[in-house]
Every structure is written in structure tokens, then in C-alpha cells.
Amino acid sequence: MSDLLANLNPEQLQAVTLPPQHALVLAGAGSGKTRVLTTRIAWLVQTGQVDPQGVLAVTFTNKAAKELLARLSAMLPLSFNRSARGMWIGTFHGLCNRLLRAHHRDAGLPQLFQILDSGDQLAAIKRLLKALNVDDEKFPPRELQHFINGQKEAGLRPHAVEAWDDYTRRRVELYIEYESQCQRESVVDFAELLLRTYELLERNEPIRKHYQQRFRHILVDEFQDTNRLQYRWLKLLADAGRDSAANLFCVGDDDQSIYRFRGADVGNMRDFEREFHVANVIRLEQNYRSHGNILDAANAIIGHNAGRLGKNLWTERGAGEPIRVFEACGDLDEARWIVDEIQSLVRDGMSRSAIALLYRSNAQSRVLEHQLFSSGISYRVYGGLRFFERQEIKHALAYLRLIANPDDDTAFSRVVNFPTRGIGARSIEALQDAARTWNSSLYAAVPHLAGKPGTVLAQFVRLVEDLRRDTAKLPLPELVDHVLDASGLRNHFRNEKEGQERLENLDELINAAANFVAEAGVQADAQDMAHALLADFLAHASLEAGEHQADAGSDAVQLMTVHSSKGLEFDAVFLSGLEEGLFPHENSILETEGLEEERRLMYVAVTRARQRLYLSFAQSRMLHGQTRYNLRSRFLEEIPEELTKWLSPPNPRTSAVRSGFGGYYQPSRGGAAKAAEPPVSRSRDLGGLRVGQLVTHAKFGQGVIVAAEGSGSDARLQINFGAAGVKWLMLAVAKLDPA
DNA sequence: TAAGGTTCTGTTTTT
DNA sequence: CAGAACCTTA
């Protein structure tokens, strides 16, 4: 026990040993958040305050859930580990899946319901729109997907949605259609997993009571990332408002809330504090990761946000090195400089894997990769396709899904003609008509079809039937293996030019199935359960898309977006592309909310660094095939000067205008902004000025010349004045001075 | 039906 | 610029 609590700082100790009550722990970056969470659970169990069965721990990612479990087992004596199985540790979606499988009848679902990932959901929506002859120009599938998920996350079924205009009314109708399609096909999307479970618990008192009494301690990780529905879900489970309420222990950091764009609501933290009467909010502010200068910069940056819960990171380590800032002429120069610095770091003995290269958007990785590659530095990029999202894997999974549930039209459509078997758009259309007439799935509609399409389709149905029959008694890995052959997938990729890697991935799917069986701890030889186990495996594939593709192992520089860097730390961090319009991103810059989220993102980026932080930006950058001239990011200005050291001479030219915010340059296609003009046109007389140059205007202040038209007395210049906006000015009229 | 050409459109991302 | 989505042709 004393071991368990040793080396905790006073605040951590306070949080870990809090008497049973609701608690909110504001855990700053690098303050030992996971440690507090795991130690809290271990302490509760070891002191006998709760049975393992009484513990529910919720995380956002599978990775976090795994880490929690791993660290917990390391803390608890072996005797506890056996009973640790009684704990429920998982993601919101994973736990909901578990609840819905257990109570599928009460939830109105067949036992073998399938889960749609976002790609599947989008495909389902497209199919729906087509079937209903809806103009997808007017109702873009992505937008509709967003709408439906948004309503579900607000806990609203179609009848509860308030629709004041025709457009929304139509979208609600489509929401209704979408729901019935899902129900008909026995599929459930991510938001539905949560909403269904919420409704189940809300309506079914015995089930609700059962879980409310079972879970005495509910612990939530990354609480700032919860959406409204997830919060309500927690409230319901914790039986809020009653004396018998379970204890909710929420850990999070409002300053690291960076998923607003997908529904996360930081407001949950405030609401939680109020609605659960949280007596004392515990702040973990001692940072064990970074040197002082880095923390001071982070604190200064985040200090520009309003309405924070309030928190200031500090460290016992010294100030450390200054933050290095570099201004490059172009994105290529920036990349070159970064690679040079990396080389010298490595020469000085830093391992490549301790170095991270962060950027705001994925498009920025290309130049960096190119430069690293030509310098022979090994690197790995996060954020590629994930295993279960690969095309060949999706196809294989679709066959497996048809075995578990032939009414899954998404799966049916995906593989009915893959590998090609002469079933084209025409046949599918006829089949869809039939399905509508008989109000059935595509699969069930096949027998109603006559003629040639009927024959080929009947063959496909026979194939699926054979698969079902032949696999009914097979252990899962063999089942998968059989399907790969019998479906013709293997053969198809064998004949494809670049099919080798795909074949290997298909084999990897068999391994994944074997691993799943091993980890799930089920008897692979539970013969009659073959298809039930298959459904579990498919749910696993949807809920956990696998590692982001990146070659693990070797000592390589880490490249990723700032978003994916959350939770990680590195000795040296390069943050590139610190330019207005890029970071903060132009789409987020207009409203305060968006801008503040960008700032939190900046805060996350800065706090990834242990010893050394490099910030860089470029005067010009290739984006979407156009050269853009940006001002440097306002976030740079938010760092106190004394913390930084400029590796390039400080240049007022690119300085973001300090007098105000909101200005940025937004290129518009086909509009007046012609940013693609070559930077310098020698034949053109611009009165000694050139594109990319910084000028001062009496009224608008400082700006960058973004484009030019005409020459001599006709010359017009487009200038980005930052806060004052982007203007076209006549050179002869405007009073411009080189800055 | 499938290959090959053209147009379009560009954050962030987990489940 | 580059990938996806769309459209035309053999």
C-alpha cells in the first residue's frame, strides 16, 4: 500500500485517496494524469472500498484503455489480477457495444447486429439518397451524416428535432429513412451505439438499477472530450441526484480540449462541477515533463483564452534552453532547416525517435518527408490508413459480415461485384427496386428477380449461403482463411500487379482473428459459437480500426499532426508552419470559439516538448498548388520575447499585426484573389515593390503584397493587411511604403 | 464493365 | 499538387 502511494505529490495524493465523492481533477499536461487514475483504482480496490466488479473506467481511445489496464495490472498484486477481469475498462463505444450485446432484445436489436464505422455510414447514406432519388447536390451525404450524428449526440430522435425550415424538415425525413434502413439491415453507427444504450438504460428500470447498483466508482479519462450524450450517459449510470449515486471521478484538462469540431463539449466540465456539487476541484499543476521556458510559453499562450477553469503549470526543473524560432523564406527552406537541425541533434547523441515534427494539417508533411527522405533520415508518419480501413480488408470484412448477417446491404453492395462477376449497375438498380417493392434487404430480394440479372445474383447468394454453411463449425482464423479463398479475393489479388502487399494484409487478417480469439479468452473451439464469435470479431474491427500505419521499430523521427500528438512527449519538438491561415487555421479564425480551440491546439503542441522546442514559419508556402504569402502566426506573438531566441534575424515583415485580430488572407477560387501570380514579374513595374513584400499603408497598417495586376500607373496590388483584411489597391493612388 | 480521362476540391479525427 | 469522384469511351 505504502508502495502504491509513494512518490505522489500532495495534489496527486489528495486525488488518489479522496473519500467516496464526486471529483473533478484538472490535470495539466504532463502532470501525471494516468498515474492518478490508475493509482486511484488500485487504491480503491486494495483498501477494500470497492470490488473490482464495482469499477467502471471509461476512456476515449482503445489505446488509452489498454494502457490503463496494463498499468493497473502492474500495480495490483497477482491475486487481484484475476479478479481485475471483473472491472469494466473500455471506451464509451466499446462499453456500449458490450451492454447492447448483453441486452440486445431489450434494446430492439438482433444479437448479431453489425457496427458501421464512419466510412460505412457514409456509404449507407449515399445508398439511401440514391434509393430515394434525392439530389445529393442539395443534400450532400457528408453534411447529412454530420446532421444525423449531431442530432443523435444531442439525444434527439427525428420526432424530437425542431425543424423550422423546409431544408431541415427534409433532412429530418431523411434521418427517419436512415433509421429505418439501419434497423432493416441490423446495423448500428457509432452515435447510435451511445444513444441506443442511453435509451435502454433510461427506459428499462431493472437494467438501469442493476448497473447503477453494480458500478460504485465510475472513472472518466479525458473528460474534456466528452460530448453531450456521453455526459448524460454518465449521469444516468451514476444515478445523479440521489444519495445512492455512484462516485464519478473525472479527469481532464479544459485547456487540451481540441475536439470541439466533432462534438466534444468542454462545457461538460462546468456542468459536472455544478450538477454533481463537486466540493473541491483538484488541480494537478506540477509538470514533470518540460523545462520552465517551455511551460512559461505554454502558460502565456493559453492565458489568452477566456473562460478557462484556470490552471498554471510549473516545474521544479530549471528554465532550460530558450525556445528557438526560425523564419524561412519558403516551405522548402523551412524543411531544409529542420532537417539540418535534426542532423545536428542526432550528431549530439539524441535518438531520432525522441524527435517529433508536428504540423497543423497533414498536407504539410509532404515537404518535410521529402527533405528527410533525401537526407537519408529514417522517419515515420502517423495518420495514414489504418489496418481495418484498408480496401482489401474492408472487402474481406464485408464477406464476413454477410455470413453473420446477410441483410447488411452495405456489405452486400461492397462485394456483390468484387471480385467482378458480371453484376453491373443495371442489375443492382433492378435489385434495389425489388428490395423496395418487397421492403426487404438486397439479399432477400434476389429470389424475386427474374432474367439474367436474377441468375448471376442468385449465384452470388449461393456463394454466401455456401460460405455460411461451410464456416459454421470452423474456428475463427480458419473461418477467415476459408472465406478469403472461397470468395475469390485471394485469387483476385494474386492476379493483380501490385496485389502482393494486399495479399499479405489479407493473411494478416487471419492473424488478427487469431489474436482476437486469444485475447478475448474465449474457447476457439466453441464450435457452435463460430458465428457469434465472428460477430464479436467484426464489432472489434469496427470499434478498433487498428494502429495508424507507420513502420514501428526502428529509431525514426516522428511526424504527426498536433492532434495526434496529444498525450505524447518528446525531447525535441519542431512545430512548423506557424502562419496565419495555417495555424491558426483559416477556417477557425473567424469566430472566437474556433480561434480558442486553435490556441488550445497550440498549447498542446508546445507542451509536448521536454527539453527543446523549435518554432518555425515560412514567408511563402505552396498550398493546393498555389504559392501563398502568409503573416506569421499570432501565437508566436503571444510568447514572451525573453523566452525565445531567434535563429533568423527578427523580421518585422512577416509580423502579424499586433493591433487587432481576425485578419487573414483567404484565397478564393476564381474570385479576385490571384495568389498564384508568380512572386516576381520582372517586366512589370510595381514601383519597386514585389509580391511577398511587406508594406505600410497609412490607414490599414502593415500588410503583405499577395498579388499584382497591371503595370506602371495601372498596377493594382492585392495586399493582406491582417486585421484590416485583404484589399486591392491602385499602386498610383495608395500611399504605400516599404516596411 | 473497366479503363482512362477529366474535373473538383481541398482542417483537425476516434469510435 | 494530388487524390477522389465523376464521366466518357472501347
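What's counted below: heavy atoms across the whole structure, side chains too, no hydrogens, waters or symmetry copies. Chain letters run A, B, ... following the sequence lines, proteins first, then strands; residues in each count from 1.
Contact annotation: A/S564 side-chain N/O to B/dT12 OP1/OP2 distance is not under 4.0 Å. At the phosphate of B/dT11, neither OP1 nor OP2 sits under 4.0 Å from any side-chain N or O atom of A/R142. For B/dT12, neither phosphate oxygen OP1 nor OP2 lies less than 4.0 angstrom from any side-chain nitrogen or oxygen of A/S588.
Going from atom CE of A/M602 over to atom C1' of B/dT11 covers 17 Å, rounded to whole Å. The distance from atom CD of A/E389 to atom P of C/dG3 is 17 Å, rounded to the nearest whole Å. In this structure, CG of A/L543 is placed 14 Å from P of B/dT14, rounded to the nearest angstrom. Rounded to whole Å, the distance from CZ on A/F190 to P on B/dT13 is 16 Å. Put simply, NE2 on A/H563 is 10 Å from P on B/dT14, counting in whole angstrom units. If you measure from atom CG of A/N587 to atom C1' of B/dG10, you get 10 Å, rounded to the nearest angstrom. The interatomic distance linking A/R260 (CZ) with B/dT11 (C1') rounds to 13 Å, in whole Å. Atom P of nucleotide B/dT12 and atom CG of A/L582 are separated by 11 Å, given to the nearest angstrom.
Distance noted for atom C1' between C/dG3 and B/dT14: 23 Å (whole Å). For C/dC6 and B/dT11, the C1' atoms lie 24 Å apart once the distance is rounded to whole Å.
In this structure, A/Y211 has its ring center closer than 6.0 angstrom to the ring center of A/H103.
Comment: A/D117 engages A/K394 in a salt bridge, judged by a side-chain N to carboxylate O separation of less than 4.0 angstrom. A salt bridge links A/K33 to A/D221: one of the charged nitrogens lies within less than 4.0 Å of a carboxylate oxygen.
Partners of A/F537 under the ring-ring contact (aromatic ring centres under 6.0 Å, His included) rule, at least two apart in sequence or in another chain, are A/F516. Under the rule for a ring-ring contact (aromatic ring centres under 6.0 Å, His included), A/Y178 has no partner lying at least two apart in sequence or in another chain. The ring-ring contact (aromatic ring centres under 6.0 Å, His included) search around A/F139 returns A/Y167, not counting sequence neighbours. In this view, A/F583 and A/F635 satisfy the ring-ring contact (aromatic ring centres under 6.0 Å, His included) rule, not counting sequence neighbours.
Among the nucleotides B/dT11, C/dA5, C/dG3, the one closest to any side-chain atom of A/R366 is C/dG3.
Residue pairs meeting the salt bridge (charged side-chain N to carboxylate O under 4.0 Å, His left out) criterion with at least one partner in residues 356-366 of chain A, sequence neighbours excluded, are A/R360-A/E598.
Looking at heavy-atom distances under 4.0 Å, A/Y259 makes contact with sugar-phosphate atoms alone, never a base. In this structure, A/D117 reaches neither bases nor backbone, as no heavy-atom distance under 4.0 Å exists between it and the strands shown. In this structure, A/E598 reaches the bases: a heavy-atom distance under 4.0 Å links it to at least one base atom across the strands shown. The residue A/N362 sits close only to the backbone: its heavy atoms come under 4.0 Å of sugar-phosphate atoms, none of a base. Residue-level contact check: A/R360 touches the bases, meaning some heavy atom is under 4.0 Å from a base atom.
When each of A/E544 and A/F261 is assigned the nucleotide of DNA chain B with its nearest heavy atom, A/F261 is the one assigned upstream, toward the 5' end.
Stacking is not found between A/H93 and the pyrimidine-like six-membered ring of the B/dT15 base under the 5.5 Å centre-distance and 30° plane-angle cut-offs.
Applying the 3.5 Å distance criterion, the base of B/dT15 shares a donor-acceptor pair with the side chain of A/S118.
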N/O contacts under 3.5 Å, protein versus nucleotides 2-8 of chain B?
{"from": "B/dA2", "atom 1": "OP1", "to": "A/T420", "atom 2": "OG1", "distance (Å)": "3.1"}

